[in-house]
Colleague: 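Please find one structure pasted underneath; my questions will follow.
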Protein chains: 2
Amino acid sequence: MVRSYEQYCAAAKALDVVGDRWTLLIVRELMIRQPLRYTDLQFGLPGIATNLLADRLRKLEEHHVIAREAAPPPVATTVFRLTPRGEALRPVLGALGEWGAPLLRECSDDAAFRSHWLALPLRRLRDRSPADPPVTIEVHTADQPMLVRTVDGGVSVEPGTVPRPDATISGSPPVVVELFLGAIDLDAARARGLVFEGEPSALARVVAGHDRVADPVN
Amino acid sequence: MVRSYEQYCAAAKALDVVGDRWTLLIVRELMIRQPLRYTDLQFGLPGIATNLLADRLRKLEEHHVIAREAAPPPVATTVFRLTPRGEALRPVLGALGEWGAPLLRECSDDAAFRSHWLALPLRRLRDRSPADPPVTIEVHTADQPMLVRTVDGGVSVEPGTVPRPDATISGSPPVVVELFLGAIDLDAARARGLVFEGEPSALARVVAGHDRVADPVN
DNA sequence: CAGCATCCGCTTTGATACTG
DNA sequence: CAGTATCAAAGCGGATGCTG
């Protein structure tokens, strides 16, 4: 069932476990938000076949990368969570995302996107004036609105809305991501269909400067 | 021909390029020793089918991860080399190797091994007394003898022999690797069939201490 | 509905043989 | 040496069906 490389090599052994198609993307989903139900995973992995998801989850559980839990009474279903061993894959996905970031430019326009994926590239944003009162930016770009708020020197990215955000951004995923990462400025983003309302200073406070590498990063 | 995830996500885009079976192991080979001929790659990738190797090399070239060169007159053949873009994958293989290292313990005894793979886990060894004259350890464990020498605060790992090495080690790959990485001591290694000749101090100088994590690391 | 399992057509893989 | 050609077997993707 499993096709091993049969090599005494750490990288090959790692790929024996997480090298199968979809496997690392399942781990990605659990890295963004834990724990998740089967159908939540399915939604976060557009294109996966249901039998493959079931199969991969079984294998990941066998290898102690994820764990299956009985969810608390309110929902009463099983949920999936990363084990410490699974959490240890974060540097792998980090390195992969770093390397893959430049490829996002050549992404087809109808590529799938999920709002919660914003958490990966935006996690590296820093709050430029942590002493000031926190700001909240509401982002509309795909299946659900997300809140980007300054917290603890960085930003948090979570689903939700607030009554009076400091700024509200609506646009396609590429434009939103490139804007936040400083690859384009607000005018350029507007030229590509982005709608911005509120305080530009709220955005400037967290946007990655043009001084750093301006590639969208996962 | 290529099956893309079609997701606007840096990690997914990276896997579109290097996620296919064997692809990252090809990159591993070129990371250890550049440049390589087709047959050298084949030897370093035990188990790969020749059509797959040809196919992967073509795709990697299309994605500018590797480049094909006409070799200089003496050999007069084409060789493969990593581009800067390919070199940028080093953190990915590093993270994968780090994560996969603990899995080496459960590696089947007849797993394939190539001597030059020693370069990956041993690269992290440090020279504990860089001021002293360099030492050379000759290692016999698979297809060809390797030389581990102290150099510039660390060690170099290259194929070859010398007339009078400070130490000579012969043993199976797991025992050799675990010994170098400090997971086992010399007595334990000898109990598992390792033959050591020469100055134990030469080994002690580069062996990772028990203080650090004693997992074989790629 | 959540959580799969089964079936089916297609693609990819792996092993071997063959060629310029 | 550096691949291409061929082919059986396994894996993948999509649809549908079953069970609590």
Side-chain angles (χ1 to χ4, degrees), chain A residues 1-7 12 15-26 29-30 33 35-62 66-81 110-112, chain B residues 1-7 12 15-26 29-30 33 35-62 66-81 110-112:
Chain A
M1 196 129 184
V2 179
R3 180 149 294 268
S4 166
Y5 288 110
E6 298 289 350
Q7 298 184 358
L15 290 172
D16 281 346
V17 175
V18 297
D20 281 349
R21 198 164 162 72
W22 290 108
T23 301
L24 275 176
L25 295 187
I26 292 173
E29 285 302 301
L30 292 168
R33 34 179 203 164
L36 287 178
R37 293 173 304 176
Y38 187 88
T39 38
D40 298 329
L41 281 165
Q42 211 165 14
F43 177 77
L45 296 163
I48 197 173
T50 176
N51 57 344
L52 275 195
L53 178 55
D55 186 65
R56 298 295 187 265
L57 288 173
R58 204 178 306 120
K59 279 180 190 163
L60 284 171
E61 195 184 3
E62 281 172 16
I66 67 172
R68 210 174 284 253
E69 288 178 13
V75 277
T77 179
T78 62
V79 290
F80 299 89
R81 195 187 291 274
D110 56 345
Chain B
M1 195 125 186
V2 180
R3 180 148 295 269
S4 165
Y5 289 111
E6 297 288 352
Q7 298 184 358
L15 290 172
D16 282 345
V17 175
V18 297
D20 281 348
R21 196 163 164 72
W22 290 108
T23 301
L24 276 176
L25 296 188
I26 293 173
E29 285 301 302
L30 291 169
R33 36 180 201 160
L36 286 179
R37 294 174 302 175
Y38 188 88
T39 38
D40 298 330
L41 280 164
Q42 212 166 12
F43 177 78
L45 296 162
I48 197 173
T50 177
N51 57 345
L52 273 196
L53 178 55
D55 185 65
R56 296 296 187 264
L57 288 173
R58 204 177 306 121
K59 279 180 190 162
L60 284 172
E61 195 183 4
E62 280 172 18
I66 67 172
R68 208 175 287 250
E69 288 179 13
V75 278
T77 179
T78 62
V79 291
F80 299 90
R81 194 186 290 275
D110 56 344

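Per chain, numbering begins at 1; letters A, B, ... match sequence-line order.
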Colleague: Quick one: are B:Y38 and B:T78 in side-chain contact, heavy atoms under 4.5 Å?
Modeller: no

Colleague: Report yes if a donor N or O on one partner sits less than 3.5 Å from an acceptor N or O on the other, where the partners are the side chain of B:N51 and the base of C:dG14; otherwise report no.
Modeller: yes

Colleague: Please give me the minimum heavy-atom distance between B:G44 and B:E29, naming the atom from each residue.
Modeller: O-OE2, 3.1 Å

Colleague: Whole-Å distance between D:dC12 C1' and A:L25 CG?
Modeller: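 Rounding to the nearest Å, CG of A:L25 and C1' of D:dC12 are 15 Å apart.
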
Colleague: Which listed nucleotide (C:dC4, C:dA15, D:dA2) is nearest to the side chain of B:Y38?
Modeller: D:dA2

Colleague: Would you tell me if any nitrogen or oxygen in the side chain of A:R21 comes within less than 4.0 Å of OP1 or OP2 on D:dG13?
Modeller: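 Yes.
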
Colleague: So, is A:R56 near the phosphate of D:dC12, with a side-chain N or O under 4.0 Å from OP1 or OP2?
Modeller: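 Yes, A:R56 has a side-chain N/O under 4.0 Å of OP1/OP2 on D:dC12.
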
Colleague: Do any side-chain nitrogens or oxygens of B:W22 fall under 4.0 Å of OP1 or OP2 in C:dT13?
Modeller: no

Colleague: Please determine whether a side-chain nitrogen or oxygen atom of B:R68 lies at a distance below 4.0 Å from atom OP1 or OP2 of D:dG3.
Modeller: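 The answer is yes; a side-chain N or O of B:R68 sits under 4.0 Å from OP1 or OP2.
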
Colleague: What is the distance from CZ of A:R3 to C1' of D:dC12, rounded to the nearest Å?
Modeller: 14 Å

Colleague: Quick one: is A:R37 getting a side-chain N or O under 4.0 Å of the C:dC1 phosphate, OP1 or OP2?
Modeller: no

Colleague: Base, sugar-phosphate alone, or nothing: which one does B:T50 contact when heavy atoms must sit under 4.0 Å apart?
Modeller: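 B:T50: base contact, heavy atoms under 4.0 Å.
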
Colleague: CD1 of B:I48 versus P of C:dA15: gap in Å, rounded?
Modeller: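 After rounding, the reported distance stands at 11 Å.
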
Colleague: Can you tell me how far C1' of D:dG3 sits from CG of B:L60, to the nearest Å?
Modeller: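 In whole Å, D:dG3 C1' lies 16 Å from B:L60 CG.
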
Colleague: Rounded to the nearest Å, what distance is computed from the CG atom of residue A:L53 to the P atom of nucleotide D:dC12?
Modeller: 13 Å

Colleague: Any heavy-atom pair between the side chains of A:L41 and A:L30 that's under 4.5 Å?
Modeller: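 A side-chain contact exists here, since the closest heavy-atom pair is under 4.5 Å.
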
Colleague: How long is the line joining CG of B:L52 and P of C:dT11, in whole Å?
Modeller: 17 Å

Colleague: State, with a plain yes or no, whether a side-chain heavy atom of B:T23 is found less than 4.5 Å away from one of B:K59.
Modeller: no

Colleague: Looking only at N and O atoms, is any donor in the side chain of A:D20 or the base of D:dG11 less than 3.5 Å from an acceptor on the other one?
Modeller: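 There is none.
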
Colleague: Decide yes or no for B:D16 and B:Y5: does some side-chain heavy atom of the first lie under 4.5 Å from some side-chain heavy atom of the second?
Modeller: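 Contact flag for B:D16/B:Y5 side chains = yes.
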
Colleague: For A:L45 and C:dG3, what is the distance between atoms CG and P respectively, to the nearest whole Å?
Modeller: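 About 14 Å, once rounded to whole Å.
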
Colleague: Using whole Å, what does the distance between atom P of nucleotide C:dG3 and atom CZ of A:R58 come to?
Modeller: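 The answer, rounded to whole Å, is 14 Å.
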
Colleague: C:dG3 phosphate, OP1 or OP2: any side-chain N/O from A:T77 under 4.0 angstrom?
Modeller: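 Yes, because at least one side-chain N or O of A:T77 sits under 4.0 Å from OP1 or OP2 of C:dG3.
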
Colleague: For A:G47 and B:Q42, take the nucleotide of DNA chain D holding the closest heavy atom to each; which residue's nucleotide lies nearer the 5' end?
Modeller: B:Q42

Colleague: Taking only N and O in the side chain of B:T39, is any of them less than 4.0 Å away from OP1 or OP2 of D:dA2?
Modeller: yes

